[in-house]
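Data first, discussion second: the structure below is written as structure tokens.
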Protein chains: 2
Amino acid sequence: MKLRILVADDEPELVELVEFNLKQAGYSIATAVDGAEALKKARSQPPDLILLDIMMPEMDGLEVCKILRREPATAKVPIIMLTAKASEIDRVLGLELGADDYLTKPFSVRELLLRIKKILARSQTEETAKDQLRCGDLLVDLPRHLVSWKNKPIEMTATEFKLLSILMERAGRVQSRDQLLRDVWAYDSLIDTRTVDTHMRRLREKLGPAAKHLDTIRGTGYRFTE
Amino acid sequence: MKLRILVADDEPELVELVEFNLKQAGYSIATAVDGAEALKKARSQPPDLILLDIMMPEMDGLEVCKILRREPATAKVPIIMLTAKASEIDRVLGLELGADDYLTKPFSVRELLLRIKKILARSQTEETAKDQLRCGDLLVDLPRHLVSWKNKPIEMTATEFKLLSILMERAGRVQSRDQLLRDVWAYDSLIDTRTVDTHMRRLREKLGPAAKHLDTIRGTGYRFTE
DNA sequence: ACGCGGTTGTCACGCATTTGTCACAGTAAT
DNA sequence: ATTACTGTGACAAATGCGTGACAACCGCGT
């Protein structure tokens, strides 16, 4: 299966050049001409890698990068930043943004391909770790939407699945009911916080013995522990 | 049909030896005495595999390799590099060149044949596996636009065929309705997401017993499972 | 151009499951 | 013991999906 790359830059000539060469190299390409579009496309169908120009209309690359990193669906997609000014590099690679690599314009196509290959090779090997959450005998496969305990599958509803995923992703850290409502129910604060309790109960019932990982932190929230 | 191999080396004795043995082994052989000739012959009629000496007059093997990789017609032809110096191996196998294998001179004919066989076998199976999707008794032939179950053909409309192909390509992973709309209907977001349901139904009707592979993941999407 | 058969998108209905809420029981902390 | 918080059972509302019917659409041969 082809690896998908999103190219976001406001210079059509550069996009076209890059697109042509990457397609040549066997990748599947999507493009965006500004930050907003890049964000939208990355969200709707997270690619395997993103080439992100810093200077763009609507929303600049730094902002897009930050947002993508913040959202679980795109948090782990590698990002290569493109910049004209060498002075911006520090900020790009800083922890606050978490871009994986950078290229200063103008860059050679050959170099671009090398970097892409390197980064994709890395994330490919990490792939299994990327979309599978494991803890002892408990396994959550996100793309397959499967939960299993000692290799025996456990049926889950959509919300239960999401709830468990979020808790496991943030394993060890306590999640308040409000936080869970925001992350699992997506911005619908109009729901009673006690509803979380009910779903935790159902989750515990279904998990059976594996429910031992679900801790209640009285007065604070819930936590997944190893 | 015989598989064609291009042998490029500037040592006539070695070329003759290799040519003799490969013909013996049932391959069809073309030869070149320098890089320029190798490039020309590879371009005019891409062989199934190329043996490429690194040290050659006119143009060295590394350069030829790079150029061949860059051009779509020859980008996927496997290349085995021949080198006298072990120190050159790193560069050869590095990502920048993308050679498939290498041999250090002097090499035994037996070893050469083994490597050729291995690489050709790999590219052969990749080829056939590429345009056919199989799962148990269910077979989808992409270029022939044919679906069959236990060797009995099943009639499919264009959209049904695409839908099934996409699902099988991403077998195991859940596809949301939005995702399917994008991939099957090619970016027509103006279509109702529930339309996917109808097509899944029609697909299931036509597949009959084979429809057991099509899972509905409530609140998430659909999935093809083995 | 025309009409035809098959294909495709939409809608409304009904069912089963999921989901949110509430009251009450249970439990830990002060 | 009291208080504050969480677990539990039951229930009604909401949601999501399969289904059948239908109209718009398209390709295609005449």
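The chains referred to below are lettered A, B, ... by the order of the sequence lines, with proteins before strands, and numbering in each begins at 1.
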- Query: In terms of side-chain geometry, is the basic nitrogen of Glu160(B) or Lys206(B) positioned less than 4.0 Å from the acidic oxygen of its partner?
  - Reply: yes
State whether Arg170(A) and Asp183(A) are salt-bridged, where the test is any N-O pair (Lys NZ or Arg NE/NH1/NH2 against Asp/Glu carboxylate O) under 4.0 Å. yes
When rounded to whole Å, the NZ to C1' distance for the pair Lys162(A) and dT19(C) reads 13 Å
Taking five pairs at each terminus, the helix from dA1(C)-dT30(D) to dT30(C)-dA1(D) shows an axis bend, to 10°, of 40°
Quiz prompt | Close side-chain approach of Ile116(A) and Tyr27(A), heavy atoms under 4.5 Å | solution = yes
Rounded to whole Å, the CD-C1' distance (Glu205(A) to dT18(C)) equals 14 Å
Counting only side-chain nitrogens and oxygens, does Thr157(A) get under 4.0 Å of the OP1 or OP2 atom of dT19(C)?
yes
Is Glu205(B) atom CD crowded by more than 12 heavy atoms from other residues, nucleotides or ligands, each under 6.0 Å away? yes
Checklist entry - Can you tell me if Asp60(A) uses its side chain to pair, donor with acceptor, with the backbone of Met56(A) under 3.5 Å? => result no
With respect to the phosphate group of dT8(C), does any side-chain polar atom (N or O) of Trp185(B) fall under 4.0 Å of OP1 or OP2? no
What I want to check is whether an N or O donor and acceptor connect the side chain of Arg218(A) with the base of dA29(C) at under 3.5 Å. no
Whole-Å distance, Ile191(A) CD1 to dT15(D) C1', equals 12 Å
Once you measure the plane-to-plane angle for Trp185(A) and His199(A), does it fall in the parallel (<30°), tilted (30-60°) or perpendicular (>60°) bin?
perpendicular
- Item | Distance below 4.0 Å between Arg177(A) side-chain N/O and dT6(D) OP1 or OP2 | yes
Worksheet item: Reckon Leu163(B) touches a base, only the sugar-phosphate, or nothing at all at heavy-atom distances under 4.0 Å?
Response: nothing
- Task: For Asp48(A) and Arg4(A), indicate whether the former's side chain and the latter's backbone hold a donor-acceptor pair under 3.5 Å.
- Result: yes
In whole angstroms, the gap separating C1' of dT15(D) from CG of Asp197(B) amounts to 13 Å
- Could Asp141(A) and Arg173(B) be called an ion pair, given the rule that one side-chain N must be under 4.0 Å from one carboxylate O? no
Phosphate-side-chain proximity, Tyr222(A) and dG7(D), N/O vs OP1/OP2 below 4.0 Å:
yes
Here the distance between atom P of dT8(D) and atom CZ of Arg194(A), to the nearest Å, is 12 Å
Here the distance between atom C1' of dG18(D) and atom CD1 of Ile217(B), to the nearest Å, is 15 Å
Sorted by position of nearest nucleotide on DNA chain D, 5' first, the leading residue of Arg204(A) and Thr198(B) is Arg204(A)
**Prompt:** Looking across every strand, which nucleic acid part, if any, lies under 4.0 Å from Thr216(B) by heavy atom: base, sugar-phosphate, or nothing?
**Reply:** sugar-phosphate
Leu203(B) CG to dC17(D) P, in whole Å, measures 17 Å
Exercise for the section: Using a cut-off of strictly less than 4.0 Å, decide whether His199(A) has a side-chain nitrogen or oxygen near OP1 or OP2 of dT19(C). Expected result: no
Assign each of Thr220(A) and Arg201(A) the nucleotide of DNA chain D bearing its closest heavy atom; nearer the 5' end lies the nucleotide of Thr220(A)
note: Met200(B), atom CE; dC17(D), atom P; distance rounded to Å ~ 11 Å
